[in-house]
Amino acid sequence: MKNDFFKYQAQTTPHPLAMEISRAEGSYIYDKSGGKHLDFVAGVSACTLGHCHPRVVSAIKNQTEKYLHVMVYGEYIQDPAVALTKLLAENLPENLNTTYLVNSGTEAIEGALKLARRATGRTQILYANNAYHGNTMGSMSVMGFEERKNAFKPLIPDCFPVTFNNEADLEKITSETAAIILETIQGGAGFIQPENNYLKKVREKCDETGTLLILDEIQPGFGRTGELFAFQHFGIAPDILVMGKGMGGGMPIGAFTTSHEVMTLLQDNPKLGHITTFGGNPVIASAALATLQELTETDIIKQTLEKEKLFRKLLNHPLITEVRGRGLMLAAMVETPEIANEVILACKDRGLILFWLLFEGRAIRITPPLTISNDEITEGCNIILEVLDSIQKKVN
């Protein structure tokens with residue numbers, strides 16, 4: 001199987017981890033050799049309720065017995081998609097009441113960028129340095145990491161960078177700006193949070209200039225930071241909200257949400273302003289609906305902040321310089337990328353799954369399922385501390 005994996009399936013890096021998966025349940029992934037791995041990554045923040053959560057699995061099974069794909073997006077009324085978008089609206093600010101369902105976060109970014117230009121009649125898009133919004137051409141155009149973009153240029157024109165948390169750069173938002181797109185918490189950059197009411201100041205500048213604020217909640221959304229969406233920590237609301245990853249409870253989905261008035265602009269002049277064949281797929285929408293119901297009907301989101309406190313208490317070591325992030329979107333920072341690499345790989349050999357961040361080499365990603373138990377948190381942190389102790393002994 002491993003030989004076939006390397007021969008027939010496209011790879012994204014020169015050295016994939018190449019674990020052969022047998023099954024996954026709760027906070028654990030099992031390999032084909034019988035190994036049991038505690039998962040502190042959750043499919044890169046995608047498995048919100050852990051692996052194969054019973055409510056999600058039941059929703060999928062029930063829907064597969066009714067119907068699968070029946071028509072391109074938006075033509076037929078399908079119960080799971082309608083129920084999902086209605087429940088989203090009930091849990092979002094009043095201006096965020098209409099949702100377009102797509103297949104991934106990066107596709108949702110594409111739709112949001114198109115909608116911003118359509119709604120404002122402007123072309124200029126601002127984005128943040130060290131931002132990551134996906135890897136399609138539009139998403140890469142607002143990626144703030146030139147090294148990853150250069151091989152694919154020219155990209156979409158009229159896209160310009162600002163620096164996250166830099167108030168002086170807000171003057172770049174003008175009456176010519178269609179939208180500014182920001183991650184509510186910067187992911188690939190190292191889980192950087194907004195400071196000094198930065199998002200409020202962005203919101204005010206957008207209101208002054210008629211610019212749309214797009215917030216990318218693909219990673220921090222769906223309870224990961226202790227609110228359903230991270231922007232709810234900061235007392236503002238975007239004009240367009242983008243989501244994905246943890247939305248589907250392990251199934252592939254994305255969405256962008258705005259007001260009904262703005263969203264209708266994609267219906268006409270031209271018709272089919274945005275179209276997708278499989279967006280809103282009933283099986284996927286059923287999984288997402290079950291995930292959202294579980295989050296909103298239980299105290300899982302509230303528990304996330306208590307679990308953050310436990311992580312911060314346990315991850316106390318001389319080689320950890322700080323723990324960034326909020327809720328269960330955390331990054332343990334060490335002094336060098338070499339230490340981070342050694343920790344991630346050594347923990348893998350000891351049955352703990354950790355991962356990297358895209359642009360910050362000193363970061364160790366800790367984004368476990370929101371359902372992880374305190375005992376599992378303690379188990380995993382003890383492994384991290386043991387590995388750090390062994391590294392420290394070699395350094396000394």
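Atom-to-atom distance recorded for Ile214:CD1 and Ile109:CD1 is 7.0 Å, nearest 0.5 angstrom. Between Ile372 atom CD1 and Ile377 atom CD1 the span is 5.0 Å, to the nearest 0.5 Å. Here Leu38 contributes atom CG and Ile29 contributes atom CD1; the two are 9.5 Å apart, rounded to the nearest 0.5 Å. How far CD of Glu360 is from CZ of Phe191: 11.0 Å, rounded to the nearest 0.5 Å. In this structure, Met143 CE and Tyr127 OH are separated by 10.0 Å, a value rounded to the nearest 0.5 Å. Distance check, rounded to the nearest 0.5 Å: OG1 of Thr85 to CD of Glu90 gives 10.0 Å.
In this structure, Tyr73 is a member of the same hydrophobic cluster as Ile284, with clusters built from ILVMFWY side-chain heavy atoms closer than 4.5 Å. If you chain together hydrophobic residues whose side chains sit under 4.5 Å apart, Tyr67 and Met71 fall into the same group. Under a hydrophobic-cluster definition in which Ile, Leu, Val, Met, Phe, Trp and Tyr are linked whenever side-chain heavy atoms come within less than 4.5 Å, directly or via other members, Leu345 and Val334 are assigned to the same cluster.
Aromatic ring pairs are classed by plane angle as parallel below 30°, tilted from 30° to 60° and perpendicular above 60°; the pair Phe256 and His274 is perpendicular. Ring-plane geometry between Phe229 and Phe222 is classed as perpendicular, the angle between the planes exceeding 60 degrees on a 0 to 90 degree scale with a lower cut at 30.
Counted within 6.0 Å of NZ on Lys309, heavy atoms from surrounding residues, nucleotides or ligands total 12 or fewer; the atom is thus considered open. Within a 6.0 Å sphere centred on OH of Tyr8, heavy atoms belonging to other residues, nucleotides or ligands number 12 at most. By the neighbour-count criterion of 12 heavy atoms within 6.0 Å, atom CD of Glu261 is sparsely surrounded, having that number or fewer from other residues, nucleotides or ligands. Within a 6.0 Å sphere centred on CG of Asp299, heavy atoms belonging to other residues, nucleotides or ligands number more than 12.
A donor atom on one side chain and an acceptor atom on the other are not found under 3.5 Å apart for Asp375 and Ser373. Side-chain contact annotation: Asn103 with Thr276, donor-acceptor N/O pair under 3.5 Å present. No side-chain N or O of Thr174 forms a donor-acceptor pair with one of Thr209 less than 3.5 Å apart. Remark: the His69 side chain and the Asn281 side chain contain no N/O donor-acceptor pair separated by less than 3.5 Å. For His53 and Thr371, the side-chain atoms include no donor-acceptor pair closer than 3.5 Å. For Thr99 and Thr257, the side-chain atoms include at least one donor-acceptor pair closer than 3.5 Å. Checked by atom type, the side-chain pair Arg326/Gln193 shows a donor-acceptor distance below 3.5 Å. A donor-acceptor contact under 3.5 angstrom links the side chains of Asn129 and Thr163, judged on distance only.
A salt bridge links Arg203 with Asp207: the distance from a Lys NZ or Arg NE/NH1/NH2 to an Asp or Glu carboxylate oxygen falls below 4.0 Å. Between Glu146 and Arg148, none of the side-chain N atoms (NZ, or NE/NH1/NH2) sits under 4.0 Å from a carboxylate O, so this pair counts as no salt bridge. Under 4.0 Å is where a charged nitrogen must lie from a carboxylate oxygen, and between Lys245 and Glu217 no such pair does. A salt bridge does not link Glu147 to Lys149: none of the charged nitrogens lies less than 4.0 Å from a carboxylate oxygen. Salt bridge Glu176/Arg122: absent, no basic N to carboxylate O contact under 4.0 Å. Between Glu65 and Lys61, none of the side-chain N atoms (NZ, or NE/NH1/NH2) sits under 4.0 Å from a carboxylate O, so this pair counts as no salt bridge. Under a 4.0 Å N-O distance rule, the pair Glu338/Arg362 does not qualify as a salt bridge.
Residues Ser259 and Thr98 share a closest heavy-atom pair of C-OG1, 4.1 Å. Residue Leu385 comes nearest to His317 through the heavy atom pair CD2-CB, 3.9 Å, listed as atom of the first residue, atom of the second, then distance. Counting all heavy atoms, side chain and backbone alike, Phe311 lies closest to Leu330 at CB-CD1, 3.7 Å. The minimum heavy-atom distance linking Gly226 with Thr304 is given by the pair N-CG2, 4.0 Å. For Thr291 against Met247, the heavy-atom pair with the smallest separation is CB-O, 3.8 Å. In this structure, Thr106 and Ser139 approach most closely via the heavy-atom pair OG1-OG, 2.8 Å.
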Practice problem: Walk me through it: do Phe145 and Tyr132 pass the test side chain to side chain contact (heavy atoms under 4.5 Å, CB included)? | Solution: CA-CA 8 Å; Phe145 201 73; Tyr132 179 77; over 6 Å; no
Exercise. Tell me, with the steps shown, if Leu88 and Met243 meet side chain to side chain contact (heavy atoms under 4.5 Å, CB included).
Key: CA-CA 11 Å; Leu88 276 170; Met243 59 196 83; 4.1 Å; yes
Exercise. Dump the intermediate steps for side chain to side chain donor-acceptor pair (under 3.5 Å) on Asn97 and His260, then the final yes or no.
Key: CA-CA 6 Å; Asn97 53 42; His260 183 76; 5.3 Å; no
Quiz item: Can Arg23 and Glu25 be said to form a salt bridge (charged side-chain N to carboxylate O under 4.0 Å, His left out), step by step?
Solution: CA-CA 7 Å; Arg23 63 186 181 92; Glu25 182 179 356; 3.3 Å; yes
Practice problem: Before giving the answer on side chain to side chain contact (heavy atoms under 4.5 Å, CB included), spell out for Ile366 and Val323 the whole-Å C-alpha distance, their side-chain angles and the decisive distance to 0.1 Å. | Solution: CA-CA 10 Å; Ile366 299 173; Val323 177; over 6 Å; no
Quiz prompt | Derivation and outcome, salt bridge (charged side-chain N to carboxylate O under 4.0 Å, His left out), residues Glu227 and Lys302 | solution = CA-CA 8 Å; Glu227 292 281 358; Lys302 182 179 179 181; over 6 Å; no
Quiz item: For Ser104 and Ile253, what are the C-alpha separation, side-chain angles and deciding distance, and is it a side chain to side chain contact (heavy atoms under 4.5 Å, CB included)?
Solution: CA-CA 5 Å; Ser104 67; Ile253 190 171; over 6 Å; no
Practice problem: Let me see the working for Asp169 and Lys172 under salt bridge (charged side-chain N to carboxylate O under 4.0 Å, His left out), right down to the final yes or no. | Solution: CA-CA 6 Å; Asp169 272 4; Lys172 295 180 180 180; 3.8 Å; yes
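At distances below 3.5 Å, not a single donor-acceptor pair connects side-chain atoms of Ser58 with backbone N or O atoms of Pro54. No side-chain donor-acceptor contact under 3.5 Å links Arg312 to the backbone of Lys307.
For Phe355 and Phe40, the ring centers are positioned 6.0 Å apart or more. The aromatic ring centroids of Tyr30 and His37 lie 6.0 Å or more from each other. No close placement of the Tyr198 and Phe234 rings is indicated, their centers lying 6.0 Å or farther apart.
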